[in-house]
Amino acid sequence: MSSDRQDNQIDLILVPQGLEYRAIARGVNRINLPKPKILSVPMGTRSLQYFLEESKNRQFFRKNSFQKIVLMGLCGSLSSQFQVGDVVIYKDCLYASTNELEYCDRQLTQNLEQILRNPAKKVRGLTSDRLIWAAEEKQSLGKLDDADVVDMEGYVALKTIKAIFMETTPQIAIVRVVSDNCDRDIPNLEEAIDTNGRLQPLSVAASFLQQPIAAIRLIRGSIEGLRVLEKLTAEIFSG
């Protein structure tokens with residue numbers, strides 16, 4: 001194993017539950033080296049914060065000591081520079097509600113950059129309490145907040161993990177794949193995400209029926225993003 005990969009022995013992957021989790025799991029199953037643990041987490045800021053704050057009471061965290069953690073998943077573009085399928089590595093992440101900024105671990109971020117065969121784009125992430133689905137709002141947020149991509153977990157993951165593991169704070173990095181462009185609407189799925197951070201299939205189907213063109217666009221972007229995410233995971237952890 002190269003020295004870069006030795007420096008990048010990630011203990012834990014955090015990933016939103018559902019399709020993103022399954023893509024990451026498939027990627028991890030493709031490697032023969034010791035595999036990192038994968039933890040499926042809720043979608044959305046409030047659900048994720050509660051989940052992580054309760055983590056010290058969970059058997060999973062009591063039995064394991066994590067020094068290097070990476071949050072992985074999909075994200076939306078806020079700029080024409082970032083297109084579906086692009087791999088991005090966060091340098092920091094801004095919280096849309098408060099304009100507070102949290103930084104990713106510089107060393108772990110650099111290690112991840114070095115082992116990727118195709119250079120990833122380094123970005124500022126923006127974390128929103130709600131799904132940003134309208135193209136006009138995506139472009140506006142990108143300009144207003146000087147952010148490149150948007151998600152619903154990044155800032156909360158960084159801030160909460162640093163707080164709950166204050167005595168032995170692990171290194172944390174964020175790697176995501178763009179699944180929707182900034183110049184097209186996707187379906188409004190705000191009402192489809194329940195209080196536990198899960199997508200409700202019937203609500204998703206109803207939104208898709210109301211916005212069929214946007215739904216096709218989201219499905220295509222998600223399929224491509226998930227394909228890249230699976231490949232990326234295998235690449236990061238393969239020898």
Side-chain angles (χ1 to χ4, degrees), residues 10-28 35-76 88-90 92-98 100-105 108 125-133 149-177 179 189-204 222 225-226 229-230 233 236:
I10 293 165
D11 307 298
L12 175 66
I13 303 173
L14 300 178
V15 57
Q17 58 199 343
L19 294 175
E20 292 164 274
Y21 174 83
R22 290 196 282 274
I24 294 289
R26 289 194 301 271
V28 167
K35 303 179 191 298
K37 295 186 181 298
I38 314 171
L39 183 61
S40 172
V41 302
M43 296 172 58
T45 55
R46 294 179 183 84
S47 299
L48 178 61
Q49 182 175 355
Y50 177 79
F51 179 90
L52 291 174
E53 285 175 347
E54 291 295 308
S55 64
K56 278 201 168 182
N57 300 322
R58 298 176 191 274
Q59 188 176 18
F60 179 83
F61 279 87
R62 290 202 305 268
K63 284 190 171 182
N64 297 280
S65 176
F66 301 111
Q67 296 181 346
K68 296 183 180 179
I69 299 174
V70 60
L71 172 66
M72 299 183 72
L74 302 178
C75 63
V88 296
I89 297 181
Y90 286 28
D92 51 37
C93 196
L94 185 71
Y95 189 30
S97 295
T98 63
E100 293 177 275
L101 190 66
E102 284 287 340
Y103 292 90
C104 297
D105 183 83
L108 183 55
L126 178 71
T127 295
S128 171
D129 289 327
R130 58 186 178 81
L131 181 71
I132 306 300
W133 58 272
V149 297
V150 64
D151 66 31
M152 295 178 66
E153 299 88 20
Y155 172 87
V156 171
L158 291 170
K159 185 176 180 65
T160 309
I161 288 174
K162 290 176 185 178
I164 63 178
F165 294 103
M166 192 178 299
E167 297 174 359
T168 55
T169 304
Q171 294 176 292
I172 316 166
I174 301 177
V175 183
R176 288 187 179 264
V177 178
S179 62
L189 299 177
E190 287 184 65
E191 301 301 322
I193 302 173
D194 68 16
T195 56
N196 294 315
R198 295 189 180 93
L199 279 173
Q200 298 302 299
L202 291 178
S203 297
V204 171
S222 297
L226 293 167
L229 189 61
E230 178 182 341
T233 305
I236 288 176

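Values below: all heavy atoms of this structure, side chains included; hydrogens, waters and symmetry mates excluded. For this chain, numbers begin at 1 and follow the sequence in order.
- Put simply, the residue from L14, D105, I161 that forms a side-chain contact (heavy atoms from CB on, under 4.5 Å) with I172 is I161.
- Side-chain atoms of D194 come within 3.5 Å of backbone N or O of N196 as a donor-acceptor pair.
- At least one donor-acceptor pair under 3.5 Å links the side chain of E20 to the backbone N or O of L74.
- For R176 (side chain) and M72 (main-chain N/O), no donor-acceptor pair under 3.5 Å exists by modelled atom type.
- For CD of Q200, the number of neighbouring non-hydrogen atoms (other residues, nucleotides, ligands) closer than 6.0 Å is greater than 12.
- Note that CG of L126 is 10.5 Å distant from CG of L101, once rounded to the nearest 0.5 Å.
- From L189, atom CG reaches atom CH2 of W133 across 10.0 Å, with rounding to the nearest 0.5 Å.
- Counting heavy atoms from C-beta on, the side chains of F66 and L39 never come closer than 4.5 Å.
- The backbone N or O of T195 sits less than 3.5 Å from a side-chain atom of S47, completing a donor-acceptor pair.
- Looking only at side-chain heavy atoms (C-beta outward), I174 and V70 stay at 4.5 Å or farther from each other.
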key: CA sep, side-chain torsions, deciding dist, call: C104, L158, side-chain contact (heavy atoms from CB on, under 4.5 Å)   = CA-CA 7 Å; C104 297; L158 291 170; 4.0 Å; yes
key: Evaluation steps, side-chain contact (heavy atoms from CB on, under 4.5 Å), between Y95 and K159   = CA-CA 10 Å; Y95 189 30; K159 185 176 180 65; over 6 Å; no
request  = Apply side-chain contact (heavy atoms from CB on, under 4.5 Å) to L52 and E54, showing your working.
outcome  = CA-CA 5 Å; L52 291 174; E54 291 295 308; over 6 Å; no
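- Distance alone, capped at 3.5 Å, is enough to place a donor-acceptor pair between the D11 side chain and the Q67 backbone.
- Distance CG/L71 to CG/L12: 10.0 Å, rounded to 0.5 Å.
- In terms of heavy atoms, D151 sits closest to Y90 at OD2-OH, 2.8 Å.
- Residues C93 and G154 come closest through the heavy atom pair SG-C, 3.9 Å.
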request  = Start with the C-alpha gap between C75 and V88, add the side-chain angles, then the distance that decides, and say whether side-chain contact (heavy atoms from CB on, under 4.5 Å) holds.
outcome  = CA-CA 9 Å; C75 63; V88 296; 4.0 Å; yes
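- In this structure, the side chain of T127 engages the main chain of Y155 through a donor-acceptor pair within 3.5 Å.
- The environment of E191 atom CD is sparse: at most 12 non-hydrogen atoms of other residues, nucleotides or ligands sit within 6.0 angstrom.
- In terms of heavy-atom proximity, S128 sits nearest to T45 at O-CG2, 3.7 Å.
- When all heavy atoms are compared, the tightest approach of L229 to A23 is CD2-CB, 4.3 Å.
- Of the inter-residue distances, the one linking E53 atom CD with T160 atom OG1 reads 5.5 Å to the nearest 0.5 angstrom.
- Here the shortest heavy-atom pairing between S40 and Q17 reads OG-CB, 2.9 Å.
- In this structure, the separation between CE on M43 and CE on M152 is 5.5 Å, given to the nearest 0.5 Å.
- Within the model, atoms OG1 of T233 and NZ of K35 stand 12.0 Å from one another, a figure rounded to the nearest 0.5 Å.
- In terms of heavy-atom proximity, K68 sits nearest to I10 at O-CG2, 3.4 Å.
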